[in-house]
Amino acid sequence: MDTDASDDEVPTLVQPDTTPQLATNQDEEIPDLVSTSDDAPAAKVPITIITGYLGAGKTTLLNYILTEQHGKKIAVILNEFGDSIDIEKQLTVSAPTSTSAEPVSFVPLANGCICCSVKDVGVAAIENLMEQQGGFDYILLETTGLADPGNIAPIFWLDDGLGSSIFLDGIVTLVDAMNVLKSLDEGFGDENRKDGSEEDGHAHGPLLTTAHLQISHADVILINKTDLVSPAHLADVVARIRAINGLARIETTTKAQVPQLEGFLLDIHAYDAVTDADLQFAAKGHSHLDASISTSTLLFPALSPPQIQRFDIFLRTILWDETLPCGTPHEPFEIHRLKGRVPVQGGKVLLLQGVRNVYDVNEVEVEGSGGAQEAKLVLIGRGVGQEGFRGSLVACLEGVGE
Ligand SMILES: Nc1nc2c(ncn2[C@@H]2O[C@H](COP(=O)(O)OP(=O)(O)OP(=O)(O)O)[C@@H](O)[C@H]2O)c(=O)[nH]1
């Protein structure tokens, strides 16, 4: 379906005070964000989502973090479905499980940290947990091995914008160096696998497995169990994962021992301002190393002020309608993650963040950015490498269809 985006109400792209604005495709009105520099943002507690396929090393990482000297009181929240029973056992705790309606038992861990197990990973449920216990400065939410982080991340990101006391810091995905290629190729036993079939029954692409989803949404990827593979195999794994996600920081680890916690795994602010460094790994163009999903980078000139609104129409059409606007034919696609830095003639820069169909445009003044600069938009998803994206963007920016 081609979309006549001009029929829809165009959301305000940026607010004059540069307060971030989150946009969704839901009908409810999103209240203006009220956070200003006077609102003591330090009071918000960061939450890091830890995800990874079965046996990749999530519990090993948790144990590593909890025993390191980080000076934080961490609340570990285990999503209790599926494999989390094993996790509880390995963490040598026996946290009783609960729904959000019942009191939750917290189990003390090392370094003054606590652990609990929940079914409901909604923001209100986690805020309630924090109120019960209080005094924590970090939350680690461990999902089950089969979770799609793309379903969880927007909940926390949106509610952060709506005045929540927690904010999404980042998504960390562990992969098993020995098995990940097999998981990506086969998706065997994978409940979340998608075969690209559409309602018309035609197959439109290769398998998109849980491993793909966990890698494509990640801000940090730990390729763990490196002791079990050869250097050549590890190089293949790194290349395949980089081709899927050209934005994430990738580290190879044994026993999930990362060289640094602060600023690498914790407190990474992956959903805040986008810097040039954030986009450095996303090479120009699109890699064919993985047929299911890839990272694609669009480079284009700085926008003129009238093009800002046209650019927003392009963004919301690709994210909300999963179509290419301005009359561009295309194959089916879906976007999991989006980041960009888009200079506007005159010195401002638009910083873009998106996860699934939620996106955020933040306009900032950048010193010395008055000259002509290249804009960079990075997309991670299925079908994002098709040539139509460039043509559609160019047509939209030229005002085709207005
Ligand atoms: N050889 C090797 N074994 C590891 C490494 N990291 C973790 N393991 C082992 O792999 C097994 C699975 O690790 P876990 O940390 O339980 O993995 P998980 O992702 O929590 O597993 P599930 O709960 O089943 O999803 C455990 O026996 C770990 O001791 C590593 O780097 N090398």
Side-chain angles (χ1 to χ4, degrees), residues 48-68 74-95 97 107 109-110 113 115-119 121 139-152 170-184 186-193 209-238 240-241 248-261 264-266:
T48 293
I49 298 172
I50 297 179
T51 182
Y53 207 63
L54 304 168
K58 299 181 292 296
T59 307
T60 307
L61 175 66
L62 270 181
N63 280 325
Y64 178 70
I65 294 175
L66 290 169
T67 51
E68 280 295 287
I74 297 177
V76 177
I77 297 180
L78 306 173
N79 186 196
E80 73 171 2
F81 292 115
D83 54 311
S84 61
I85 290 156
D86 288 339
I87 293 164
E88 289 172 26
K89 200 171 58 204
Q90 291 166 39
L91 278 170
T92 61
V93 300
S94 54
T97 60
V107 175
L109 301 173
C113 302
C115 173
C116 71
S117 176
V118 296
K119 283 181 181 146
V121 292
I139 301 168
L140 298 176
L141 173 64
E142 168 153 5
T143 70
T144 72
L146 295 176
D148 171 2
N151 287 335
I152 302 170
I171 298 174
V172 176
T173 293
L174 277 119
V175 300
D176 175 341
M178 195 161 77
N179 293 317
V180 65
L181 296 181
K182 194 161 161 272
S183 303
L184 289 169
E186 295 176 359
F188 179 74
D190 187 337
E191 291 170 8
N192 286 352
R193 63 190 280 174
T209 68
T210 295
H212 283 100
L213 294 168
Q214 292 180 341
I215 293 167
S216 69
H217 289 90
D219 301 298
V220 177
I221 298 170
L222 302 184
I223 302 175
N224 191 37
K225 302 194 175 182
T226 54
D227 54 316
L228 301 180
V229 298
S230 68
H233 181 94
L234 187 59
D236 287 347
V237 170
V238 172
R240 179 80 172 268
I241 288 173
R249 291 196 227 170
I250 296 178
E251 187 72 34
T252 57
T253 58
T254 300
K255 294 279 182 189
Q257 299 204 2
V258 286
Q260 187 189 334
L261 288 178
F264 182 84
L265 270 191
L266 307 180

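All ligand and atom numbering here is 1-based and tracks the order in the structure.
- In this structure, the side chains of Leu184 and His212 come closer than 4.5 Å at one or more pairs of heavy atoms.
- With Thr51 as the partner, the side chain to side chain donor-acceptor pair (under 3.5 Å) test is satisfied by one option alone out of Gln214, His217, Lys58: Gln214.
- Backbone and side-chain nitrogen or oxygen atoms of Ala56 are examined, and one is located within less than 3.5 angstrom of a nitrogen or oxygen of ligand 1.
- With rounding to the nearest 0.5 angstrom, the CD1 atom of Ile223 is 8.5 Å from the OG1 atom of Thr253.
- Of the candidates Gly55, Gly52, Ala256, Gly55 brings a heavy atom nearest to atom 12 (C) of ligand 1.
- Atom CG of Leu228 sits about 7.5 Å away from atom CG of Asp176, to the nearest 0.5 Å.
- Here is the list of ligand 1 atoms found below 4.0 Å of a heavy atom in Thr254: 31 (O).
- Checked by distance only, ligand 1 and Lys225 come closer than 3.5 Å through their nitrogen or oxygen atoms.
- Applying the 4.0 Å criterion to heavy atoms of Lys58 picks out, from ligand 1, the atoms 15 (O), 17 (O), 18 (P), 19 (O), 20 (O), 22 (P), 25 (O).
- Rounded to the nearest 0.5 Å, atoms CG (Leu213) and CG (Asn151) are 8.5 Å apart.
- The residue from Asp227, Ile223, Thr144 that puts a heavy atom closest to atom 1 (N) of ligand 1 is Asp227.
- On a distance-only criterion, Leu228 and ligand 1 share no N/O pair closer than 3.5 Å.
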Q) Would Thr210 and Asp148 satisfy side-chain contact (heavy atoms from CB on, under 4.5 Å), going step by step from the backbone distance to the final call? A) CA-CA 7 Å; Thr210 295; Asp148 171 2; over 6 Å; no

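- Using a distance-only test at 3.5 Å, with no hydrogens or angles considered, no donor-acceptor pair links the side chain of Lys255 to the main chain of Tyr64.
- With Lys255, Met178, Glu142 as candidates, the residue nearest to atom 3 (N) of ligand 1 on a non-hydrogen basis is Lys255.
- For ligand 1, the atoms lying closer than 4.0 Å to a non-hydrogen atom of Leu54 are 25 (O).
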